[in-house]
Amino acid sequence: MKLSFLDPAKHQPLIQEQKIDPTYKELRWKVFLGIFIGYAGYYLVRKNFSLAIPNLIEEGYSKGDLGLALSGVSIAYGISKFLMGNVSDRSDARKFLTLGLLLSAFTMILMGFFPFATSSIAIMFSLLFLNGWFQGMGWPACGRVMVHWFSKKERGVKMSIWNVAHNVGGGLIGPLAILGLAFFNDWHSNFYFPGFIALAIALLAYILIRDTPQSCGLPPIEVYKNEGEVSPEAEKELSAKRIFLDYVLFNKALWFIAVANVFVYLVRYGVLDWAPTYLKEVKGFSMSESGWAYFAYEYAGIPGTLLCGWLSDKVFNGRRVPATIVYMFFVLIAVLVYWKNPPGNPMIDNISLIVIGFLIYGPVMLIGVQALDLVPKKAAGTAAGFTGLFGYLGGSVFANIAIGYIVDAWGWDGGFYVLVMACVLTIFLSLLTWKDEIKRLSTI
Ligand SMILES: O=P(O)(O)OC[C@H](O)CO
């Protein structure tokens, strides 16, 4: 699939030598801000359905049915992050990111304004599936901007800062729901209010983002950062088939991290999505206490991710695997504490949840970075999408559906055995890419 109006921006003749540095500096700030605000905007219209669930329950829907509708987002997002990631590799990131956000925002506005949109589970599933599909246009476009404007050696730190955009966007949904209700006195504002804000963000992202340095008359990032010459071949846009066959399908390390991503996402969503139920049923938390624990989990991810990116770039010299392993080891310890802590010690439950939130987003981010590192720039979106496909279709859907059945059958111990195994398997699969990473970095 290829849409010509989305074609990568054309390369321009080099600007004057003395203007290169100031222009690069200014544009790097702008494009970074553009993808940060843009991706936070994507999360505003990805996660907001959950907040409308209590009102939909009052309209007569069951939790199970609404959970099914909600899974439409994860299923479509996983497939789309991969397929649209491939389209994104052959598209202008500025237009691609904006278009996806506009379409996603319009879907949410439609869900808020037209009663038929919430009149049955099938319609909600279809619209949320569509929304998940448009959502898949966000990450790959950000990845394309990242690999073209920031060099490999600075990517750990830059990606970790960018990565907190999704915590910022995800965390803002709650306050926006409160504000929307105050402004409009209508629970449907959970759909259209973030939708309107996302429209404004899409415009801002379009103003700030530029596809590649070469489309602004600048040299490639590797030349600007003195990280080696770039052959004209490396700057050619690739066909979908070449990207997939030459760089993805037979890329062993990429397969290892994609499968590792199943287990990382299983922990990310397995802990997050089930925290309110587990804390209420086993530890006796009230709904508002669980809500605060949930909020803390999400926001603890921000410093944890930043530290992880810094560790990877500065302490491990650009290596991703050691940082992932260290973080997952401590996630494992925190999961054990969260599991084994007897009821009646809420402080320990809260601390262990905060520690898991602090730690889990580091590996989530680093697997994305590793995917970008493992392929040429022109295949970045497809590679990241490939890991996302496994993370969402494997980890997230399993966390939503299978953990529920496992807990029903074997109690919470069964669910925790799954989470512990997921931590161990992430460490094991990461270890399988240890040598490959050392070899690859020695060639830079
Ligand atoms: O789960 P995703 O696809 O929204 O990605 C979240 C983080 O940005 C991964 O690095």
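Atoms within each ligand, like the ligands themselves, are counted from 1 in listed order. Given the structure is predicted, the values throughout are model-derived calculations rather than measurements.
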Could you list the donor-acceptor pairs under 3.5 angstrom formed by side chains in residues 416-427, with sequence neighbours left out?
unit_1 : atom_1 : unit_2 : atom_2 : d
Thr426 : OG1    : Ala422 : O      : 2.7

Aromatic ring proximity, centroids under 6.0 angstrom, Tyr361 and His166: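 Ring-ring flag for His166/Tyr361: true, centres closer than 6.0 Å.
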Residue list, ring pair (Phe, Tyr, Trp, His ring centres under 6.0 Å) with Tyr24, at least two apart or on another chain: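 Trp149, Tyr224.
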Residues in side chain to side chain contact (heavy atoms under 4.5 Å, CB included) contact with Ala165, at least two apart in sequence or another chain: Phe36, Tyr39, Ala40
CZ/Phe329: more than 12 non-hydrogen atoms of other groups inside 6.0 Å: no
Atom-level proximity to ligand 1, residues with heavy atom under 4.0 Å: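 For ligand 1, the residues that come within the 4.0 Å heavy-atom cutoff are Tyr39, Tyr43, Arg46, Tyr77, Lys81, Trp139, Trp162, Asn163, His166, Tyr265, Arg268, Val364, Met365, Tyr392.
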Arg144 with Asp89: basic N within carboxylate O range, under 4.0 Å: no
